[in-house]
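Since we're looking at a predicted model, the values are computed, not measured. The sequence lines fix the lettering, A, B, ..., with proteins before strands; numbering per chain opens at 1. The figures that follow rest on heavy atoms only: side chains count, while hydrogens, waters and symmetry mates do not.
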Number of protein chains: 2
Amino acid sequence: MRVSSKTDYALRTVIDLALHMDDGVSAAARIAERQDIPVKFLEQILMILKAGGIVESKRGAGGGYFLADPPSHISVASVMRLMEGRLFGPPVSAQRRRAGSVSSSKELPFEELWANVEAAVAENLEKISISEMSDRVRKHSHTSLDFSI
Amino acid sequence: MRVSSKTDYALRTVIDLALHMDDGVSAAARIAERQDIPVKFLEQILMILKAGGIVESKRGAGGGYFLADPPSHISVASVMRLMEGRLFGPPVSAQRRRAGSVSSSKELPFEELWANVEAAVAENLEKISISEMSDRVRKHSHTSLDFSI
DNA sequence: TCATATCCTACTAACACGATAGGCATAATG
DNA sequence: CATTATGCCTATCGTGTTAGTAGGATATGA
């Protein structure tokens, strides 16, 4: 069970934007080099983030991206949910496709199981905001004299 | 974030074995038809479950599989961990492969994040036993007159 | 000795993922 | 107004993982 790179990149991007709010907008290329993410891949991620209402953009020369809301109002969960869909769910197996979306009664215990786990994950990620994450990143950069971020 | 079919099948298999403990051992073919899992695929899963000490087997004619421990002593977490490895972890991206396993200081906030989530998931799955799951399945089969399991 | 099992390895088709590419649309700037 | 810097959009591609198949060796009970 691993988080996708896309989600990881998205999270880093949003945190990066929080860390560079003072600079005004950030061009995709700048974010990409700061976070070491393939530019064109990042562009796609930024499109999703924009469609999801997490970032906004300014087009044309001197344009770029910026957070749609204050970092303290953006949860890690909201970013993850946007990128991953369900935070923790059952497989969409061939077997399940065969059966259609007929949720047989013997599926119920499983659905309940996954729903509980997902709730636990959500509870955990909902209360961590992007500002907390950026604070932590800042702190770790300072204590280790690593200013590359 | 979806659980793999393999894990799903494994869980169903273990629960199935719990439900059919009285019948003695269950041949892979019997489990496969009861749970509608491709037989040969199931065989591989059973090998993993055996290697992981969750089931034991009896070879030859009249042989089959059975649980190595009482269902109440087997947690959903143990099955999942065996099949999935980490319950919830960071991606192993190309970027990360480039950097080697050099856990840079700015990775720490992320590692902490994932570790917390994984702990939450584990806590949740650790306390659900296979006997609880099989009880639930039995209950749902009865209330809906669906005896096919 | 035959039927019924597990056990083991190799292979394959389909799909998801990570990434790349190219070009259009828009806006600032000289 | 031309140029340049940017976002926006779609298509494509390589690779690895996943889900599933296949075939046979090995063991055991009748």
Side-chain angles (χ1 to χ4, degrees), chain A residues 1-10 12-13 17 23-33 35-52 54-66 68 83-86 89-98, chain B residues 1-10 12-13 17 23-33 35-52 55-66 68 83-86 89-99:
Chain A
M1 287 291 271
R2 305 205 157 256
V3 171
S4 72
S5 289
K6 218 160 161 176
T7 299
D8 185 61
Y9 288 155
R12 287 165 196 273
T13 297
L17 287 175
D23 312 6
V25 304
S26 291
R30 299 285 298 117
I31 303 171
E33 75 188 31
Q35 296 296 327
D36 191 25
I37 303 173
V39 198
K40 288 304 236 176
F41 194 26
L42 178 59
E43 282 187 14
Q44 296 178 119
I45 291 164
L46 283 163
M47 280 200 304
I48 298 171
L49 288 172
K50 188 183 176 184
I54 293 182
V55 307
E56 291 181 10
S57 63
K58 187 160 172 294
R59 300 186 66 167
Y65 294 88
F66 55 99
M83 304 306 293
E84 299 264 350
R86 280 194 76 168
V92 196
S93 64
Q95 182 187 149
R96 220 166 282 249
R97 271 190 294 272
R98 251 178 280 140
Chain B
M1 288 293 273
R2 307 206 155 254
V3 171
S4 72
S5 290
K6 218 160 161 175
T7 300
D8 185 61
Y9 288 155
R12 287 165 195 273
T13 298
L17 287 175
D23 312 7
V25 303
S26 291
R30 298 285 300 117
I31 302 170
E33 75 188 31
Q35 296 297 327
D36 191 24
I37 302 172
V39 197
K40 289 304 237 174
F41 195 26
L42 177 59
E43 282 187 14
Q44 296 179 113
I45 292 165
L46 282 163
M47 281 200 304
I48 297 171
L49 287 173
K50 188 182 176 185
V55 307
E56 290 180 11
S57 64
K58 189 161 173 292
R59 300 186 66 166
Y65 295 88
F66 55 99
M83 305 306 293
E84 299 263 350
R86 279 194 77 168
V92 196
S93 65
Q95 183 187 150
R96 221 167 282 250
R97 270 189 294 271
R98 252 178 278 139

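In this entry the distance linking CD of A/E56 with C1' of D/dT6 reads 17 Å, nearest Å. Distance, B/I48 CD1 to C/dC7 P: 13 Å, rounded to whole Å. Note: CZ (A/R59) to C1' (D/dT4) measures 15 Å, nearest angstrom. Counting to the nearest Å, the P atom of C/dT9 and the CD1 atom of B/I45 are 17 Å from each other. Atom C1' of nucleotide D/dA27 and atom OH of B/Y65 are separated by 12 Å, given to the nearest angstrom. In this structure, B/I31 atom CD1 and C/dT6 atom C1' are separated by 12 Å, rounded to whole Å. The distance between atom CZ of A/R30 and atom P of D/dA5, rounded to the nearest whole Å, is 14 Å. Computed from coordinates, the A/F41 CZ to D/dT15 P distance equals 16 Å when rounded to whole Å.
Across all strands, A/S26 comes closer than 4.0 Å only to sugar-phosphate atoms, never to a base (heavy-atom distances). No contact: B/A29 has no heavy atom under 4.0 Å from any strand.
Side-chain N/O atoms of B/K58 include none lying less than 4.0 angstrom from OP1 or OP2 on C/dT6. A close approach under 4.0 Å does occur between a side-chain nitrogen or oxygen of A/K50 and OP1 or OP2 of D/dC8. When the side-chain nitrogen and oxygen atoms of A/S57 are compared with OP1 and OP2 of D/dG7, none of them lie within a distance under 4.0 Å.
Put simply, CD1 on A/I31 and CG on A/L17 are 4.5 Å apart, with the number rounded to the nearest 0.5 Å. In this structure, A/L49 CG and A/Y9 OH are separated by 14.0 Å, a value rounded to the nearest 0.5 Å. If you take NZ on A/K6 and CD on A/E84, they are separated by 10.0 Å, rounding to the nearest 0.5 Å. A/S57 contributes atom OG, which lies 5.5 Å from atom OH of A/Y65 (distance to the nearest 0.5 angstrom).
Put simply, the side chain of B/T7 never gets that close to the backbone of B/V3: no donor and acceptor are under 3.5 Å apart. Between the side chain of B/R2 and the main chain of A/P91, no donor-acceptor pair closer than 3.5 Å is present.
A donor and an acceptor atom never sit less than 3.5 Å apart when one is taken from the side chain of A/K40 and the other from the base of D/dG7.
Nearest nucleotide to the B/Y9 side chain, out of C/dC7, D/dT28, D/dG20: D/dG20.
A residue-by-residue look at A/M47 and A/G63 shows that A/G63 has its nearest nucleotide of DNA chain D further toward the 5' end. Comparing B/A27 and B/Q44 along DNA chain C, the residue whose closest nucleotide (by nearest heavy atom) sits nearer the 5' end is B/A27. Along DNA chain D, the nucleotide nearest A/L46 and the nucleotide nearest B/G60 are compared for position; the residue whose nucleotide lies closer to the 5' end is A/L46. Taking for each of A/A61 and B/E43 the nucleotide of DNA chain C with the nearest heavy atom, the 5'-most of the two is the partner of B/E43.
Each of A/D8, A/I37, A/V55 was evaluated against A/T13; a single residue qualifies, A/I37, per the side-chain contact (heavy atoms from CB on, under 4.5 Å) test.
You'll find the side chain of A/I45 reaches within 4.5 Å of the side chain of A/M83, heavy atoms only.
Secondary structure note: stems in DNA chain D built from 3 or more consecutive Watson-Crick or G-U wobble pairs under 3.5 Å occupy C:1-30 with D:1-30.
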